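One structure below.
Here the structure is a predicted model, which means the values were calculated and not measured.
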Amino acid sequence: VADVTSFAKGPAIGLIPSVPGLGPILCYSYCYVGLMTGPFYRYRTHLDWLQQPDSQAIPSWRPLLARARLVPVYGLLFLGAARLFPLEYVRSEAFAARALPFRLFYMVPVFFVFRMRFYVAWLCAECACIAAAFGAYPTAARARPGGGPTTYCPRCTHGPASYDYETIKNIDPYGTDFCVRVRDGMRYWNMSVQWWLAQYIYKSAPFRSYVMRSGWTMLISAYWHGLHPGYYLSFLTIPLCLAAEGAMEAGLRGRRGAAPESDRSWGAWLHWFLKMRAYDYMCMGFVLLELGATLQYWRSVYFCVHLGALALLLLGRALPWPAPRAPSTPEGPHRE
């Protein structure tokens, strides 16, 4: 029996009946569902789709409308912002002559345009899957993006079964925009590919250190997108931001005595603001693509995120970290 890695511990979840031959692999690789835009899905998901006993009984119209309801809004925002803040203006001499606050501000709408474009593309890709009832599983299966079911659930052939399409969910716009941490921002973006990276990169033996895993993961992510230098410059900035974020969190926990912080506190809002500015900054390399253009823009804003992340990393290291807890014994301390 061939095993495709899954989140579940049960031996019956995530298994395929046999190792597929060349024909089934080609059908899976070139399936029209998701061929051009994704999302990533496993061979098990493709096989379950082919073996659906009654696809007409699986709801698709209402889930499709629910998933697509904000696509027109994102599309209009994309068109309006792209017209008001064209990317090509960044390459012009007139832009270089503008004041520093304007140059800093301009990366905010550029990243906004970038997000709106991908929200439209990925939500439409998800809708294409939903229209074909692809990736539909009973809600009791507790499917996750990319991975599929995590608990065993008997296949429902008839009756009012409740289904969801979490398996092919690839983007969470609200989570992307309003999560607090840099690390969480990556989890809500390209979610099916994040599952693949978590399964086959994060859990690999050579990458036990989180910072090391992040570095290798960013290299793989950059190669996944292409060979433009801007991809590598942007992705390789993420490990520095993650290290600074982790150091500050640990240092502040030690200073507060490990007291939890509310997501609505002023510190959380500041954290969110810095997270968004870091992604604004890194997005410039992702859209400018060329080495010279990316470095020219970052130089025009004095490499503020690189230097700021480095400063926060050093500050976090300088703050007192929480002391490790002493191991407790059930019988308590012994006296001589």
Side-chain angles (χ1 to χ4, degrees), residues 73-122 171 173-174 176-182 185-186 188-190 218 221-222 225-245 248 266-315:
V73 177
Y74 295 141
L76 291 175
L77 290 173
F78 162 73
L79 293 174
R83 185 176 181 85
L84 290 173
F85 304 98
L87 177 63
E88 289 304 315
Y89 182 57
V90 178
R91 306 175 189 269
S92 66
E93 294 182 0
F95 179 83
R98 300 297 293 264
L100 176 61
F102 180 84
R103 298 197 301 268
L104 285 169
F105 160 76
Y106 207 83
M107 62 184 180
V108 177
V110 168
F111 184 44
F112 180 81
V113 170
F114 180 84
R115 297 199 311 277
M116 296 304 109
R117 182 181 64 180
F118 274 92
Y119 290 170
V120 171
W122 277 335
I171 187 66
Y174 181 84
T176 300
D177 283 350
F178 295 105
C179 69
V180 174
R181 306 164 73 203
V182 174
M186 295 189 297
Y188 293 114
W189 181 270
N190 209 356
M218 294 308 108
S221 298
H225 288 82
L227 299 177
H228 291 289
Y231 294 148
Y232 296 85
L233 291 173
S234 295
F235 277 117
L236 291 177
T237 304
I238 293 179
L240 175 61
C241 295
L242 292 174
E245 181 178 68
M248 286 299 297
W266 67 268
W269 282 109
L270 177 60
H271 193 168
W272 169 83
F273 178 83
L274 294 176
K275 181 265 296 186
M276 292 302 295
R277 303 296 75 78
Y279 278 121
D280 293 339
Y281 180 88
M282 290 182 283
C283 175
M284 297 304 294
F286 210 89
V287 296
L288 291 172
L289 298 179
E290 295 92 353
L291 176 67
T294 303
L295 292 179
Q296 180 180 356
Y297 176 77
W298 284 354
R299 189 182 302 113
S300 74
V301 294
Y302 300 100
F303 296 94
C304 57
V305 168
H306 286 98
L307 296 177
L310 182 60
L312 291 175
L313 175 61
L314 297 176
L315 177 60

Looking at side-chain heavy atoms only, is the closest gap between Thr176 and Tyr279 below 4.5 Å?
no
Go through the steps to decide whether Leu288 and Tyr297 satisfy the test side chain to side chain contact (heavy atoms under 4.5 Å, CB included), and finish with yes or no.
CA-CA 9 Å; Leu288 291 172; Tyr297 176 77; 4.0 Å; yes
Spacing of CG belonging to Leu274 relative to CZ belonging to Arg181, to within rounding of 0.5 Å
14.0 Å
Suppose we call two aromatic rings close when their centres sit under 6.0 Å apart. Are Phe111 and Phe286 close by that rule?
no
Can we call the ring centroids of Trp269 and Trp272 under 6.0 Å apart?
yes
Of all heavy-atom pairs between Ala278 and Cys241, which one has the smallest distance, and what is that distance?
CB-SG, 4.2 Å
About how many Å separate NE2 of His228 and CG of Leu289, when rounded to the nearest 0.5 Å?
5.0 Å
ring-ring contact (aromatic ring centres under 6.0 Å, His included), paired with Tyr119, selected from Tyr74, Tyr174, Phe112
Tyr74
Are the side chain of Arg117 and the backbone of Phe78 linked by a donor-acceptor contact shorter than 3.5 Å?
no
Counterpart residues, side chain to side chain contact (heavy atoms under 4.5 Å, CB included), relative to Phe118 (two or more places apart):
Phe114, Trp122, Trp189
Test of ring centre spacing under 6.0 Å for Tyr89 and Tyr106:
yes
Within 45 degrees of the axis of the six-membered ring of Phe95 and under 6.0 Å from its centre: does Arg91 put its NZ or CZ there?
no
Distance from Met284 atom CE to Ser300 atom OG, nearest 0.5 Å?
8.0 Å
Pair Val113-Met116, side chain to side chain contact (heavy atoms under 4.5 Å, CB included): steps then yes or no:
CA-CA 5 Å; Val113 170; Met116 296 304 109; 5.9 Å; no
Apply side chain to side chain contact (heavy atoms under 4.5 Å, CB included) to Arg103 and Val90, showing your working.
CA-CA 9 Å; Arg103 298 197 301 268; Val90 178; over 6 Å; no
Reported CG-to-CG distance for the pair Leu315 and Leu310, which is rounded to 0.5 angstrom:
11.5 Å
For the CZ atom of Arg115 and the CE atom of Met276, what is their distance to the nearest 0.5 Å?
4.0 Å
Note, Pro229 side chain near Thr294 side chain (heavy atom, < 4.5 Å)
no
So do Phe85 and Phe105 actually touch side chain to side chain, heavy atoms under 4.5 Å?
yes
Look at the side chain of Trp298 and the backbone N and O of Met282, then say whether any donor-acceptor pair between them is shorter than 3.5 Å.
no
Starting from the C-alpha separation in whole Å, work towards a yes-or-no answer on side chain to side chain contact (heavy atoms under 4.5 Å, CB included) for Lys275 and Val180.
CA-CA 7 Å; Lys275 181 265 296 186; Val180 174; over 6 Å; no
Is the side chain of Thr237 donor-acceptor paired with the backbone N or O of Leu233 at a distance under 3.5 Å, no angle test?
yes
Distance in Å, Cys179 SG paired with Met186 CE, rounded so as to fall on 0.5 Å steps:
10.0 Å
State, with a plain yes or no, whether a side-chain heavy atom of Cys304 is found less than 4.5 Å away from one of Leu104.
yes
